[in-house]
Protein chains: 2
Amino acid sequence: MSELESVIRRLEELDHRITPSRVAVIAAVLSHSGHFSVEDIIRQARAVGRATVFRTMRLLTDADVVCRVLLEDGSLHYRVSRRGHHHHLVCVSCGNVQDLDECVVGDLVRELAAATEYEIEGHWLEFYGRCSTCRSPVAVAARP
Amino acid sequence: MSELESVIRRLEELDHRITPSRVAVIAAVLSHSGHFSVEDIIRQARAVGRATVFRTMRLLTDADVVCRVLLEDGSLHYRVSRRGHHHHLVCVSCGNVQDLDECVVGDLVRELAAATEYEIEGHWLEFYGRCSTCRSPVAVAARP
DNA sequence: AGTATCAGTGAGACCTAGTATCATAACAAG
DNA sequence: CTTGTTATGATACTAGGTCTCACTGATACT
Ligand SMILES: [Mn+2]
Ligand SMILES: [Mn+2]
Ligand SMILES: [Zn+2]
Ligand SMILES: [Zn+2]
């Protein structure tokens, strides 16, 4: 079963209809190995209406097919999610995104809940830095 | 020395000019005990131009007079910062914001840097939950 | 297969949260 | 008080996204 088929099944399980527009958006999304913006998808799936692309991105986010990546400049990108809840380490120089193996604040959430009497329901966490390639002066000089 | 005067001194130290517009924005900012949006300040400081309010908010952020709070719906708010780098716990029900005592991911940042060979330069972290007041059914029923 | 139902679509208006431009004003150093 | 530079604000513009609503078509049911 292709990745496309498996995303389609996921949506069917959640009682969403499978339409040509949705299939086109999903195919565009799956064509990316790194992160991408909604505008990228709009450009790739020209026949699909702007509103429908946004609606489908929300659907895919809710279905955990993609995860959202907040870039340091505040812009929101997406990437295909091949695991559950996790966080990102974004290289501010080349844009490369590293998925962190697991949620690194799980313990903290429990401690905080105890200390503050809040019931903690969610969190946003992103790390920004420079990858080893981008830190190497040679690589920096050679960058396009 | 009033809080207003002390913010003015801070800007002077950083070689920024003190103008009536800036004073008006600072006064509006300091009138808030919780978090507020830029639109709130624009409404309060009617005589000040829209662009100037945004410019001044950036100035105040850079000067650590305010800190930015990312709400769960993605909207950006501000609040007066009375300490250095820290994070927030936002009640998604009443909007109350709790400042966390210190940066809770300092150790994590060092571990991650070692594990990934990234040089980590920054991070975004916000927690969302429900405060004890909002979790109490009585309080919920009584809320306006 | 035919049909009914309601979820989904897309053109385009609209909106929010800002940024860019640039002629004009005014702060603060000397 | 002059001067050089910084700041201002009207206004136009933009990015990113939502709303509306008549229409379409996917799916379930017969
Ligand atoms: Mn991810
Ligand atoms: Mn704070
Ligand atoms: Zn890099
Ligand atoms: Zn609360």
Side-chain angles (χ1 to χ4, degrees), chain A residues 4-5 7-29 35-63 65-66 68-79 95 124, chain B residues 4-5 7-29 35-63 65-79 124:
Chain A
L4 180 63
E5 283 166 339
V7 171
I8 287 174
R9 292 234 179 132
R10 182 86 131 279
L11 293 191
E12 278 172 342
E13 276 161 24
L14 296 168
D15 288 323
H16 297 299
R17 293 182 181 178
I18 306 308
T19 67
S21 294
R22 285 184 174 168
V23 172
V25 169
I26 296 166
V29 162
H35 57 87
F36 53 86
S37 65
V38 179
E39 296 302 326
D40 291 331
I41 304 302
I42 289 171
R43 243 173 275 125
Q44 287 176 263
R46 283 253 163 64
V48 181
R50 184 178 176 69
T52 297
V53 173
F54 279 102
R55 287 186 285 234
T56 306
M57 290 311 299
R58 173 145 53 203
L59 209 67
L60 295 177
T61 304
D62 292 347
V65 171
V66 295
R68 310 197 308 165
V69 182
L70 184 63
L71 265 47
E72 204 173 28
D73 67 2
S75 71
L76 189 60
H77 278 222
Y78 290 82
R79 76 195 310 247
W124 229 149
Chain B
L4 179 63
E5 283 166 339
V7 171
I8 287 174
R9 293 235 179 131
R10 183 84 131 281
L11 293 192
E12 278 172 342
E13 276 161 25
L14 296 168
D15 288 323
H16 298 298
R17 292 183 181 176
I18 305 308
T19 67
S21 293
R22 285 182 175 169
V23 173
V25 169
I26 295 166
V29 162
H35 57 88
F36 53 87
S37 64
V38 179
E39 295 303 325
D40 291 331
I41 304 302
I42 289 171
R43 243 174 276 125
Q44 285 175 265
R46 283 254 163 62
V48 181
R50 183 178 179 68
T52 297
V53 173
F54 278 102
R55 287 186 285 235
T56 306
M57 289 312 300
R58 173 146 52 201
L59 210 67
L60 295 177
T61 304
D62 292 347
V65 171
V66 295
C67 52
R68 310 200 306 166
V69 182
L70 183 64
L71 265 46
E72 204 173 28
D73 66 2
S75 71
L76 189 59
H77 279 223
Y78 290 82
R79 77 197 308 246
W124 229 149

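Below, chains carry the letters A, B, ... as their sequence lines are ordered, and counting in each starts from 1. Hydrogens, waters and symmetry mates play no part in the numbers below; they use all other heavy atoms, side chains included.
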In whole angstrom, what separates A/Phe54's CZ from C/dG10's P?
14 Å

Does a side-chain N or O from B/His16 land closer than 4.0 Å to OP1 or OP2 of D/dT6, or not?
no

Given C/dG10, is OP1 or OP2 found less than 4.0 Å from the side-chain N or O atoms of A/Thr52?
yes

Whole angstrom is fine here: how far is it from CG in A/Asp62 over to C1' in C/dA7?
16 Å

Taking the side chain of B/Arg17 as heavy atoms from C-beta outward, which of D/dC19, C/dC27, D/dG9 is closest to it?
C/dC27

For A/Met57 and D/dT18, what is the distance between atoms CE and P respectively, to the nearest whole Å?
12 Å

Treating A/Asp40 as the side-chain partner and A/Ser37 as the backbone partner, does any N or O pair qualify as donor plus acceptor under 3.5 Å?
yes

How many whole angstroms separate atom CD1 of B/Ile8 from atom C1' of C/dA28?
15 Å

Would you mind pulling out the nucleotide paired to D/dT14, Watson-Crick or G-U wobble, both distances under 3.5 Å?
C/dA17

Between D/dG17 and A/Arg50, counting only base atoms on the nucleotide and side-chain atoms on the residue, is there a donor-acceptor pair under 3.5 Å?
yes

Would you mind reading off the distance between A/His77 atom NE2 and D/dG17 atom P, rounded to a whole angstrom?
9 Å

Side chains of B/Thr61 and B/Arg58, donor plus acceptor under 3.5 Å:
no

Residue pair B/Asp15/A/Pro20 against DNA chain D: nearer the 5' end by closest nucleotide is B/Asp15

Is any side-chain nitrogen or oxygen of A/Arg22 closer than 4.0 Å to OP1 or OP2 of C/dG8?
yes

Is there a donor and acceptor pair closer than 3.5 Å between the side chain of B/Arg55 and the base of C/dG18?
no

So B/His35 and B/His77, would you call those rings parallel, tilted or perpendicular, with 30° and 60° as cut-offs?
perpendicular

Separation of D/dG16 atom C1' from A/Phe36 atom CZ, nearest Å, is 16 Å

With B/Ile41, the side-chain contact (heavy atoms from CB on, under 4.5 Å) member among B/Val53, B/Ile26, B/Thr56
B/Val53

Is a side-chain N or O of A/Arg79 found less than 3.5 angstrom from the main chain of A/Val69, in a donor-acceptor match?
no

If you only use heavy atoms from C-beta on, which nucleotide in D/dG16, D/dG9, C/dC27 is closest to the side chain of B/Ser21?
D/dG9

Between CG of A/Leu76 and P of C/dG18 the distance, given in whole Å, is 14 Å

Please report the distance, rounded to the nearest Å, between CG in A/Leu59 and P in D/dG17.
16 Å

For C/dT9, does either OP1 or OP2 sit under 4.0 Å from a side-chain N or O belonging to A/Thr19?
yes

